[in-house]
Every structure is written in C-alpha cells, then in structure tokens.
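Have a look at the structure below, then the notes.
Order of appearance sets the numbers: ligands from 1, and atoms from 1 within every ligand.
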Amino acid sequence: MGKYQEEKMKFGKMLSHKIENNIINIRFQEKAVFIKVLNSYIINFFVPLHREERNSKAVGNLKDDYYDFKVENITNGIQIITEKLVCKIYDEFKVDIYDKRGTLLCADYRGESKPFKRRYGDYMLAESEGHSLREESDYKVYVSKRMEEEMYFYGFGEKTGHLNKKGYHYVNWNTDNPKPHGETFDRLYKSIPFFVGLSKDNAFGIFFDNHFETHFDMGKDNSEYYYFAAVDGNLDYYFIYGPSVKNVIKGYTEITGKMPLPQIWTLGYQQCRWSYDSEERLMEIASTLREKEIPCDTLYLDIDYMDGYRVFTWDNEKFQNPEVMIKKLNNMGFKVVTIIDPGVKVDKGYKIYDEGLRKGYFATDKSGITYVNEVWPGDAVYPDFLNSKVRDWWSGNQKIMIDSGVSGIWNDMNEPASFRGPLPDDVMFNNDGITVNHKEAHNVYGHMMAKATYDGVKKATGKRPFVVTRACYAGTQKYSTVWTGDNQSTWEHLRMSIPMLMNLGLSGMAFCGTDVGGFGYDCTGELLSRWVQVGAFTPLFRNHSSMGTRDQEPWAFDKDTEEINKKYIKLRYKLIPYIYDMMWECSKNGAPLIRPLLFNYQSDKNTYEINDEFLCGDNILVAPVVEQGLKARSIYLPEGENWIDYWTKEEYKGGQYIIKKTPLDLCPIFIKGGTLIPVGQVQNYIGEKQSNSLTIEVYLSNDNSDTEYNHYVDDGESFKYELGEFNNYKIKVVNKEKIEIKIDLINYRYDDKYENIEFIVHNLNKKTLVINGETVEVINGKAFIANPAR
Ligand code: GLC
C-alpha cells in the first residue's frame with residue numbers, strides 16, 4: 001500500500017474566491033482549486049496538480065447551465081448552497097457536505113493518516129522472492145474522508161469479493177492475471193474509480209476521474225476514515241448526492257454516459273469457445289443448437305479464425321470462404337462475433353503492421369522506436385489508441401470484418417496484456433499532441449480501443465454496435481458491453497459472479513456478464529445447470545470456456561443438464577420483451593438490469609449485504625443456488641411488497657426470510673406483486689417468429705394499489721429510435737373491486753402496432769376484469785383484447 005506524500009496535498013489558508021459562471025475558483029496559500037456546480041446534486045472538485053487542463057477520458061460534454069446556487073462566507077471558509085446541498089469549504093481545502101436538512105453526508109477527515117502495521121518475517125520475504133510484485137508507488141493525490149456510522153460501500157467496477165466493500169482496499173490498474181481470481185485480488189481487468197457510500201439511508205457517490213493507478217481504501221487502513229488516492233495526475237472528483245442509490249447512479253451516468261440501447265439480438269443466448277476453430281466445427285455447433293431447439297442468437301469466433309493471429313485476417317484453410325459461411329449462419333438465424341485483440345503481429349508484408357508502422361501508429365519507447373512485446377502472434381506492437389488518428393484508422397479497419405458478414409466485435413487483451421513482462425512505465429503514447437507515458441495511458445487503453453471499435457462498427461453497419469471489451473475505464477458503457485474475463489469453472493466463481501456483476505451495474509457498466517459455466521478448468525453438469533440459471537437473467541448471456549477444458553455446450557454433459565439449459569435459455573427468450581424494456585429504461589436513467597436488492601429497497605436494511613440474490617429489472621427477484629448439492633435455500637424477500645413464486649404462484653409477504661426447496665432444475669424466482677411482465681414467444685432466435693401480438697402477465701398487488709408499466713417496441717437494430725420512431729405502451733392496472741386495465745399508446749411512431757394483447761392475470765380471485773372500458777371474459781386466467789390501443 002502506498003504512502004501519501006503529505007507536502008503534495010498541502011493547501012494552506014484560504015485567501016480568496018471568485019465566481020465565474022458555475023465555477024468557484026478558490027485561491028489557497030499553496031494551490032488553486034476549481035469547484036464546479038453541475039446541478040443541484042453534483043459538484044466537481046478540481047485541482048490541477050499534474051496538468052492545467054482536465055483531459056478526461058470518461059466525461060463528455062457536460063451541460064454547463066446551472067447557476068442556481070449561492071456562495072456565502074463562513075468562519076474560516078465559504079459555503080456553496082444548491083437546492084439540495086450545502087457544501088462547506090475550509091482552510092487546507094477541507095470539504096464537508098450536508099443535505100438541506102443539515103445531515104452531514106460526507107466530511108473530510110482531519111486526523112492523521114494511521115495505517116495498520118504489517119509485520120514481515122525473513123522467511124516470508126524469502127518465499128516471495130522471485131515473484132514479481134509490482135512495487136507500490138507513493139500517492140501524489142490523496143483525499144481521505146471520515147468514516148460515518150453504519151457505512152456501506154458499493155461500485156468500484158469489477159472487483160472480486162462481496163457486494164459491500166467496506167474494510168477493503170482496491171487498486172485500479174487494469175490487470176490480466178490468469179490465476180483463479182479470488183477475494184485476495186485487489187485489481188482485475190477494469191478500472192472504474194467510482195463508488196457509492198450509503199449511511200443511514202442516505203447515499204452519495206464519488207467519482208475520482210484519474211486514470212493513473214488509483215487506490216481506494218474503504219476503512220482497511222484504519223476504520224476511522226476511508227480514502228482515494230492516485231500515484232499521479234490531477235485531483236478531479238465529483239460528489240454525487242442521492243439520497244437514493246438510484247439517483248447516484250443516474251447522476252454518475254449523466255457524467256460518464258449511459259449504456260446505449262443495444263440491438264435486441266444481443267440479448268439472446270450466445271455460444272462461445274476458445275475456439276470453434278474451423279468452419280466444420282462452427283457449423284456443427286450451429287446445427288446442433290437448431291436440431292436440439294436450444295435458442296441461440298450468437299456464435300463467437302475466438303483467436304484461431306485468424307491467419308497466424310494477425311488481426312483483421314482470416315485463416316483461409318480453416319475458413320475457406322467466411323462470407324459464404326456467415327451468410328449460411330445468418331440464414332439459420334445466427335449472428336457471428338469475432339475477437340479482435342490490440343496486439344499487431346510484427347510481420348513485414350502484413351498490411352496492418354506495415355500501414356501502422358509507416359504512419360507511426362504504434363506506441364514507442366522513450367526514444368521513439370516502436371515498442372515490441374509479445375502476445376498471441378509472437379512479437380507484437382501496440383496501436384496507440386490515445387491518438388485520434390490511430391482510432392480513426394482502427395475504426396476504418398472494422399469494415400474488413402463487417403464486410404465479411406460479422407455482426408459484432410469482441411475486444412480482448414486490451415489492458416494491455418503482454419507475455420514478456422508488463423509494459424515499462426516509459427512506453428510512450430501520443431495523446432493527440434501531448435506525449436504521455438504508459439503510467440498515464442494504461443488504464444484507458446482498452447477504453448479508447450473500445451471507442452474506436454464502436455465508432456468503426458457504427459460507421460460500417462449504421463446499426464447499434466455490439467462491442468464486447470475486457471478492459472475498461474469509467475464511461476466505457478457508452479461504447480461496449482463487458483464480461484469479467486477469465487473466471488474458472490468453480491462454485492466459488494459462480495458465487496462471486498453475482499456481487500461482481502451487481503457492482504459493475506452500480507458502476508455504470510449495465511451491459512455485463514460472466515463466462516457462463518466458467519472459462520478455465522473443467523465444468524460439471526451440475527455447475528453449468530446452476531450457472532445457466534444465473535446467466536438467463538444477466539444482460540450478457542454467454543457460455544464460454546478455455547482451450548483444453550472439457551466441452552461446455554448445453555448438451556456436453558448429460559440429458560438432464562441439457563434439459564435444464566434448454567429450460568432456462570427458453571425462459572430468457574420468453575422474457576426478452578421485459579428485458580428489452582428494462583434496457584430501454586437503463587439507457588435513459590442508468591438503472592442496471594442486474595442489481596442488488598438495496599437498489600430498489602434502500603429503506604430495508606436487510607437488503608444491504610445480500611450477495612446471492614439479485615433483481616432482474618424492477619419486477620423479478622432471482623435467488624439462484626450457488627452451492628453444489630444444495631437442496632433448499634433461504635431467501636429474503638424485501639419488505640413493502642407481496643412476492644409471487646414464479647413457478648407455483650404462491651404468494652409471500654415481503655420483509656421475511658423463507659426457505660424454498662431447490663431441486664437441480666429449479667431456480668427460485670419471485671415476481672413483485674403489482675407488476676406486469678410482457679412476455680414473448682419462445683423461438684430459436686430473436687425475430688424468428690414474426691408476430692404482432694403480445695402477452696402480458698399481470699401479478700396483482702395485495703393492497704389494492706395501482707400499477708403502471710411502460711412497454712417499449714422499436715425495430716430492434718437501428719438508430720431510428722433516437723428520432724422517436726418507437727412505440728411506447730403505457731399500461732395501467734387499477735386494482736379495486738374490479739381489475740381495470742387501460743392501455744395507452746403514448747408514442748406511436750414505429751409501424752408495427754400490436755393487433756392483439758393477451759393478458760394472463762395471476763391470482764385474479766373472481767374479480768371482474770375490465771380492459772379499456774370493456775368487461776372481458778377470463779378463461780383460465782387469460783383474457784384477450786384486440787386492437788388494444790388505437
Ligand atoms: C483471453 C480471454 C478469453 C479468450 C482467450 C483467447 O484469455 O479472456 O476469453 O478465449 O484470451 O483469445
């Protein structure tokens with residue numbers, strides 16, 4: 001753990017302040033500070049320690065039109081007052097933030113830094129010799145905050161361990177470590193320097209926009225304070241007030257961008273493997289999926305489709321005519337996604353290498369000579385994605401893949417990974433005219449690669465790009481989906497995937513998933529059966545496994561495993577209209593699909609540390625089994641709702657723990673009372689069965705409260721929705737003596753309108769059902785309405 005260099009963070013007495021538009025510029029004895037009020041609940045603190053300009057890779061064009069604040073003098077400082085917050089700033093740049101009722105939300109720590117002591121022994125040091133531990137640098141940027149009572153911490157992107165991060169120390173330095181990821185790992189592939197603090201039902205977020213190596217210590221050093229720090233760069237952080245976690249995430253994604261609405265096929269099941277390494281094998285997988293009627297939309301080609309791992313090429317021996325093969329697959333309803341790594345093979349005569357070299361597009365050593373390390377193709381060079389010219393070039397290259405029929409691009413190894421030791425700190429990048437070293441470029445390398453890929457795929461297809469990336473920084477959600485890299489086929493990793501994905505979702509990375517079944521090591525039928533029960537509810541639903549491990553396709557074990565896979569993949573397809581609705585909501589407010597219970601039930605403290613249950617959108621609670629052989633499990637149902645068992649339709653009151661039996665084919669699922677779930681037909685791939693009817697399952701509240709739901713439909717692929725070309729059905733259920741359903745088509749700009757809507761009303765209990773003013777006949781809980789919205 002690094003120590004902070006105290007003199008670097010000295011500010012001295014406050015001398016003066018002036019206000020320019022929405023920026024308060026404070027002069028302290030030692031430094032100048034710029035405080036920008038973004039709106040009533042977001043304040044940015046900026047101290048140019050490294051460079052005058054901001055140069056953020058995460059933050060785009062922020063609205064700059066908030067002036068509704070006051071600045072007043074107070075003893076030893078000033079206070080900034082917005083509609084929601086009071087932010088007091090004192091000498092030494094100490095900041096305390098209160099809500100309008102005077103509740104202290106977040107205060108700078110005034111005491112000394114008091115790290116715990118590590119006691120080393122000679123033997124231990126001897127044993128660790130030879131293991132290359134990256135030396136921790138001292139911090140040049142450091143802010144510590146006082147630990148408030150009953151604090152919980154969430155977010156931090158992709159970290160191992162549990163949902164609540166209190167008491168832990170994490171590092172952001174994108175790292176490809178192939179060893180089995182465990183709780184002891186303080187860093188992985190992604191760097192998202194953002195967290196949510198929750199204390200006494202009041203939530204706030206801190207986004208520390210610094211892409212050098214950053215550290216977050218959430219009370220591990222000492223339980224009196226928590227801190228965030230960086231080895232270099234500026235102090236640039238945003239305070240985002242809740243008081244709900246939901247509002248914090250909304251604010252964070254206003255700053256760093258929202259996950260854009262994906263193409264609908266990307267929400268289907270995806271089958272991957274390192275590698276389906278010939279046309280024959282890929283076609284065999286495709287036809288097996290169709291023969292067995294296991295729905296699937298996407299097949300992946302891992303590195304072996306390339307000619308000697310040269311990116312943007314095909315091995316024409318194994319794949320003689322990729323265009324024809326992909327056409328065939330498209331006709332069977334499959335989309336094909338290919339991997340593209342950053343490492344470009346050093347090879348004279350290979351177009352991408354020659355072109356990049358000629359134009360000076362690769363990272364160099366400090367004397368300007370192209371830097372070479374090793375990845376899959378052997379000696380390889382690294383495109384300088386910080387340079388916009390390089391990104392344009394890389395974007396243009398996407399067309400090579402798109403022209404051969406590929407529908408999406410999977411970016412891997414972009415931490416960047418290297419086989420001959422880590423890239424030295426003095427590898428140089430050209431950040432559009434400013435030379436930066438590897439220390440500064442590292443954590444945004446994958447982010448900028450994903451941006452280049454996104455832009456290129458968008459240009460080449462005109463459709464919403466499907467990009468998957470392994471490394472990322474804050475804001476990558478604007479460009480790409482992520483998966484959590486090389487997990488293992490172990491129960492521990494299935495267990496860990498849930499808090500990991502929930503925290504990724506709370507870090508803006510809403511479109512995320514893990515390798516279902518696990519990547520390394522051999523899966524078992526039971527483990528895959530349980531994993532698919534989780535995967536069916538995670539946004540990216542992809543089965544993937546490593547070279548050399550046993551086959552892991554749904555049918556690779558036994559009949560039972562195959563049937564269970566089929567059951568949950570089919571359930572996923574049934575839920576696509578609901579999941580698409582939730583993704584639409586997310587693209588507007590940042591609310592992730594897979595989310596911890598506390599996201600919706602913040603007033604219920606029992607939800608704060610639930611690691612093995614999650615919500616899929618607002619209405620579905622999933623309590624999967626993540627232990628081998630478990631025959632029953634306890635489930636917490638949050639208070640304030642009635643919950644209906646999806647399988648049996650039994651009803652439970654919220655605010656209690658219940659026990660459910662969990663035979664292998666059963667994943668406990670509960671639907672919140674007073675909700676609607678639109679469901680589609682089960683099909684082999686999304687769009688196979690064209691239909692203009694919809695089924696809506698109605699789960700009634702038990703307290704006669706009304707329900708509203710917005711159902712969204714568009715063409716599922718283009719950007720026309722941005723121009724308003726979509727349909728939006730507002731459905732209201734009034735639950736009194738009668739059940740009255742009213743459907744309003746509040747936006748009708750997309751051609752295809754439903755001709756029929758079928759309602760399945762669960763637990764109707766003999767009440768009369770009225771739809772759009774007409775009493776309708778209910779047979780076995782089902783009722784139809786033709787021309788539902790005129
Ligand atoms: C990396 C990726 C993995 C991929 C493999 C080969 O380990 O994380 O998903 O299969 O490289 O490309």
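At the top of the distance list for atom 6 (C) of ligand 1, counting protein heavy atoms only, stands Asp302 OD1, 3.3 Å. For atom 11 (O) of ligand 1, the nearest non-hydrogen atom of the protein is Asp412 OD2, 3.0 Å.
Between the CE atom of Met502 and the CD1 atom of Ile594 there is a distance of 6.5 Å, given to the nearest 0.5 Å.
Those atoms of ligand 1 with a heavy atom of Trp376 less than 4.0 angstrom away are 6 (C), 11 (O). For ligand 1, the atoms closer than 4.0 angstrom to any heavy atom of His544 are 3 (C), 4 (C), 9 (O), 10 (O). Which parts of ligand 1 touch Arg470 is read off a 4.0 Å heavy-atom cut-off, strictly below it: atoms 1 (C), 2 (C), 7 (O), 8 (O).
With Trp274, Tyr309, Trp483 as candidates, the residue nearest to atom 5 (C) of ligand 1 on a non-hydrogen basis is Trp274. Proximity annotation for atom 3 (C) of ligand 1: of Asp515, Ile339, Ile303, Asp486, Asp486 comes nearest, heavy atoms only.
Aromatic ring centres of Trp173 and His438: separated by under 6.0 Å. The ring of Tyr189 has its center no closer than 6.0 angstrom to the ring center of Trp483.
Under a 4.0 angstrom heavy-atom cut-off, Tyr300 registers as lying outside contact with ligand 1.
Ion pairing between Glu415 and Arg470 holds under the 4.0 Å rule for side-chain N and carboxylate O.
Taking a 6.0 Å sphere around NZ of Lys566, one finds it holds more than 12 heavy atoms contributed by other residues, nucleotides or ligands.
Pairs of residues two or more places apart, or lying in two chains, never qualify as ring pair (Phe, Tyr, Trp, His ring centres under 6.0 Å) while including a residue from residues 320-341.
When atom types are taken as modelled, the side chain of Asn611 and the backbone of Leu163 share a donor-acceptor pair closer than 3.5 angstrom.
Residue contacts with ligand 1, taken as heavy atom pairs separated by less than 4.0 Å, involve Trp410 solely via side-chain atoms from C-beta onward.
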